[in-house]
Undergrad: 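Take a look at the following structure, please.
A quick note: this is a predicted structure, and the numbers were derived from the prediction, not measured.
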Amino acid sequence: MGFCTRRATLRVRGGGAGLYRKHLLRPRFSSTLALESVRGGQSGTEKSATASSTYSAIASSLYDVVIVGGGLSGLSLAAGLKSSQYTSNLKIALVEGMPLASAKSWSPDPDRYSNRVSSITPASQRYLSQIGVWDHVYAERVQPYDDMRVWDGVSGARIHFDGFLLGTDDGTIAYMTENLNLQHALLSHLNDSPSDPPVMILDDTKVEAITKGQNFDDLDLSSWPALKLSTGDTIMARLLIGADGVSSPVRAFANIESRGWDYNQHGLVASLDMEWDDRQRIAWQRFLPTGPIALLPMPDGKASLVWSTTPKYAAHLKSLSASAFCTLVNAAFRLGMVDLEYLMSRVDEEEIREDFEWRDARLPIEAEGQQFPIRVVEVQEGSRASFPLRMRHCDTYVAPRIALVGDAAHTTHPLAGQGLNLGQGDVASLIRVVEKASQQGSDIGDEVVLQEYWAERYPVNHMMLGVIDKLQKLYCTDFPPIVGIRTVGLEVVESLDWVKKMIMKQAADA
């Protein structure tokens, strides 16, 4: 290549500040190298022009940070980096295999809610506010809840989490909203961001291969990951971040091991219409031997269902008519497991409804309104879907010039609603590490620098994944001795407000 520049070389090999400040776009050429890079017969002007053109082509393909994955973790990371005074000058690209146009132009339909929703803890909400994203969220599509009622489907033991034990002004435990609302807010924030250079969003673009970079004369790029894109372009990253989900290609390139197991359960989700009453700020969860079922409040009398159950039951529930499905959701919160299994064996809509009403009428009257949620009256057409549930955790989140966040680093059961929040915690931590490296002039892709991120987040995530996994195993059985032990434990915790406060605070700060 017919160029060299000490300042450019120092930037590529060293500091975390932006690669492409104006003075770096004016390389100082070596006549010897220029001669070596061009064919004979060219004039001096032609040689210089060729070298300059080569340098410009290389420079345009180099990025300080490349984020693979345009989901909530990837977009939050891009928004956070661009919102920081220490990293806003970084040249950043975000690669997403799916088109983002629909999310960017999304506006809420008051009659329809997406079945992909998230429970956002106060800590995650504060972070999104700090980086300016929460201002772009449609507030009318956000439902806070300050009350959570959880009970054992076998023994009936229950625990009541009252958000006002947290001592905050509104007692909010979490905020429910659609993922589309958050994705739209993140894209709007990035679009409105005054940072220079702006984030290069390469949506509807797949990563076809990831390899090591090459040396270009005095530019040592051999350690930089090079991404071959479906557009035919190749880009290189000082720091490559995998926010690309449980089957992360970035993780595969870095040879990072992910360990865990499948739960032999499917998570069935749906958007529901509820009877309207004053219990709209309550989240409900019942642990059944086949898996927990949760009803999470949404605005306008809607709710989001997350029902973890066997693959067979999930397929059956998706195949039923809307009316029969709603009846079985109501039954899952109210009837015993024997009655529920009987109804699950039925397929006739009228038979399911009559059998449920007969059994429901014989429940204790005093239980009405105390233990059970309001009834489901309708399921939104096309909103029923299911996905396999698993637990995965990587041995490390970092490698030379590689970092993993969100589901690329860890995946957990949805029973605690912590998936998004763990990812947001990763994002905030990684940004702090990149900020620190940028301030100190360190290489943001150096594994020693990145180890600080892994050291901070791995223990937190490992503890949360472990607790969730143990809860899943503890409650997915009706073995009497286990039921007895967990019943006593739940009743003890229910009697100790300070323990419940500690549990809620731990979850709220995740």
Undergrad: Please confirm whether the backbone N or O of Ile120 pairs with a side-chain atom of Ser118, one donor and one acceptor, at under 3.5 Å?
TA: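 It does not hold such a pair.
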
Undergrad: Would you check if Glu275 and Val377 make a side-chain contact, meaning some heavy-atom pair closer than 4.5 Å?
TA: yes

Undergrad: Could you please spell out the steps behind the side-chain contact (heavy atoms from CB on, under 4.5 Å) verdict for Met298 and Val117?
TA: CA-CA 9 Å; Met298 298 293 287; Val117 303; 3.9 Å; yes

Undergrad: Just jot down the salt bridge (Lys or Arg N to Asp or Glu O under 4.0 Å) partners of Lys302, sequence neighbours excluded, or say none.
TA: Asp273

Undergrad: Test your reading of the model: is there a side-chain donor-acceptor pair from Thr205 to the backbone of Asp203, 3.5 Å cut-off?
TA: yes

Undergrad: Under a 3.5 Å distance rule, please check whether Arg251 uses its side chain to pair with a backbone N or O of Ala408 as donor and acceptor.
TA: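 Checking the backbone N and O of Ala408 against the side chain of Arg251, a donor-acceptor pair under 3.5 Å is found.
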
Undergrad: Arg384 side chain to Leu320 main-chain N or O, any donor-acceptor pair under 3.5 Å?
TA: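 Present.
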
Undergrad: Take Asn461 and Tyr397 through the test side chain to side chain donor-acceptor pair (under 3.5 Å) and record every step on the way to the result.
TA: CA-CA 11 Å; Asn461 292 333; Tyr397 302 167; 3.1 Å; yes

Undergrad: Between Asp152 and Arg486, does any NZ, NE, NH1 or NH2 come within less than 4.0 Å of an OD or OE carboxylate oxygen?
TA: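 Result for this pair is yes, salt bridge flagged.
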
Undergrad: Would a distance-only check, ignoring hydrogens and angles, find a side-chain to backbone donor-acceptor pair under 3.5 Å from His266 to Thr310?
TA: no

Undergrad: Residues in side-chain contact (heavy atoms from CB on, under 4.5 Å) with Asn264, at least two apart?
TA: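 By the side-chain contact (heavy atoms from CB on, under 4.5 Å) rule, Asn264 matches Pro311.
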
Undergrad: Side chains of Asp300 and Tyr113 only: does a donor on one sit below 3.5 Å from an acceptor on the other?
TA: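 Yes - a donor-acceptor pair under 3.5 Å links their side chains.
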
Undergrad: Which heavy atom of Lys318 sits nearest a heavy atom of Ser386, and at what distance?
TA: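 Nearest heavy atoms, Lys318 then Ser386: NZ-OG, 2.8 Å.
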
Undergrad: Could you walk me through whether Leu422 and Arg457 satisfy the side-chain contact (heavy atoms from CB on, under 4.5 Å) test, starting with their C-alpha distance in whole Å, then the side-chain angles of each, then the deciding distance to 0.1 Å, before giving a yes or no?
TA: CA-CA 9 Å; Leu422 294 178; Arg457 287 303 299 169; 4.2 Å; yes

Undergrad: Quick check: does any side chain N or O of Ser308 sit under 3.5 Å from a backbone N or O of Gly291, one acting as donor and the other as acceptor?
TA: no

Undergrad: Are the side chain of Asp407 and the backbone N or O of Val246 linked by a donor-acceptor pair below 3.5 Å?
TA: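 Side chain of Asp407 to backbone of Val246, a donor-acceptor pair under 3.5 Å: no, none is there.
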
Undergrad: So if I apply the side-chain contact (heavy atoms from CB on, under 4.5 Å) rule between Val133 and each of Leu182, Leu75, Leu186, which one comes out positive?
TA: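 When side-chain contact (heavy atoms from CB on, under 4.5 Å) is applied between Val133 and each of Leu182, Leu75, Leu186, only Leu186 qualifies.
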
Undergrad: Would you please name every residue forming a side-chain contact (heavy atoms from CB on, under 4.5 Å) with Val492, sequence neighbours left out?
TA: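 For Val492 the side-chain contact (heavy atoms from CB on, under 4.5 Å) partners, ignoring immediate neighbours, are Val488, Leu496.
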
Undergrad: Under the side-chain contact (heavy atoms from CB on, under 4.5 Å) rule, what do Met274 and Leu295 come out as? Steps first, then yes or no, please.
TA: CA-CA 10 Å; Met274 310 297 295; Leu295 204 56; 3.3 Å; yes

Undergrad: Rounded to the nearest 0.5 Å, what separation is found between the NZ atom of Lys470 and the CG atom of Leu465?
TA: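 Reported to 0.5 Å precision, the distance equals 9.5 Å.
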
Undergrad: Which atoms form the tightest heavy-atom contact between His189 and Ser83, and what is the distance?
TA: NE2-OG, 3.1 Å

Undergrad: Hey, do the aromatic rings of Tyr458 and His393 have their centres closer than 6.0 Å?
TA: yes

Undergrad: Which pairs would a plain distance check flag for residues 121-130, meaning a side-chain donor or acceptor within less than 3.5 Å of a matching protein atom at least two apart in sequence or in another chain?
TA:
from, atom 1, to, atom 2, distance (Å)
Thr121, OG1, Ser124, N, 3.3
Thr121, OG1, Ser124, OG, 3.3
Thr121, OG1, Asn421, OD1, 3.3
Thr121, OG1, Ala510, O, 3.4
Ser124, OG, Asn421, OD1, 2.8
Gln125, NE2, Ser129, OG, 3.1
Ser129, OG, Gln125, O, 3.0

Undergrad: Can you give me the closest heavy-atom contact between Leu404 and Cys394, atom names plus distance?
TA: CD1-SG, 4.1 Å

Undergrad: For the backbone of Tyr138 and the side chain of Asn181, can you confirm whether one donor and one acceptor N or O come within less than 3.5 Å of each other?
TA: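 It does hold such a pair.
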
Undergrad: Is Arg375 salt-bridged to Asp360, cutoff N-O under 4.0 Å?
TA: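 Salt bridge flag = yes for Asp360 with Arg375.
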
Undergrad: Under the side-chain contact (heavy atoms from CB on, under 4.5 Å) rule, what do Leu328 and Phe356 come out as? Steps first, then yes or no, please.
TA: CA-CA 8 Å; Leu328 284 175; Phe356 168 67; over 6 Å; no

Undergrad: Please name all residues satisfying side-chain contact (heavy atoms from CB on, under 4.5 Å) with Ala209, sequence neighbours left out, ordered by chain then number.
TA: Lys228

Undergrad: Is the ring pair Trp151/Trp284 parallel, tilted or perpendicular, if the boundaries are 30 and 60 degrees?
TA: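 Rings of Trp151 and Trp284: perpendicular, as their planes differ by over 60°.
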
Undergrad: Nearest 0.5 Å, what's the OG1-CD distance between Thr290 and Glu341?
TA: 7.5 Å

Undergrad: Any donor-acceptor pair under 3.5 Å linking the side chain of Arg286 with the backbone of Ala332?
TA: yes

Undergrad: If you take all heavy atoms of Asp244 and Val250, which pair is closest and at what distance?
TA: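 Answer, listing the atom of Asp244 first, then Val250: OD2-N, 3.2 Å.
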
Undergrad: Would you tell me whether Asp147 and His160 have side-chain atoms, one donor and one acceptor, within less than 3.5 Å of each other?
TA: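 There is such a pair between these side chains.
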
Undergrad: Excluding sequence neighbours, so at least two apart, what forms side-chain contact (heavy atoms from CB on, under 4.5 Å) with Leu490?
TA: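 Leu490 satisfies side-chain contact (heavy atoms from CB on, under 4.5 Å) with Ala157, Ile159, Tyr475 only.
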
Undergrad: Is the shortest distance from a Lys or Arg side-chain nitrogen in Lys505 or Asp509 to a carboxylate oxygen in the other one below 4.0 Å?
TA: yes

Undergrad: Between His413 (side chain only) and Ile468 (backbone N and O only), is there a donor and an acceptor less than 3.5 Å apart?
TA: no

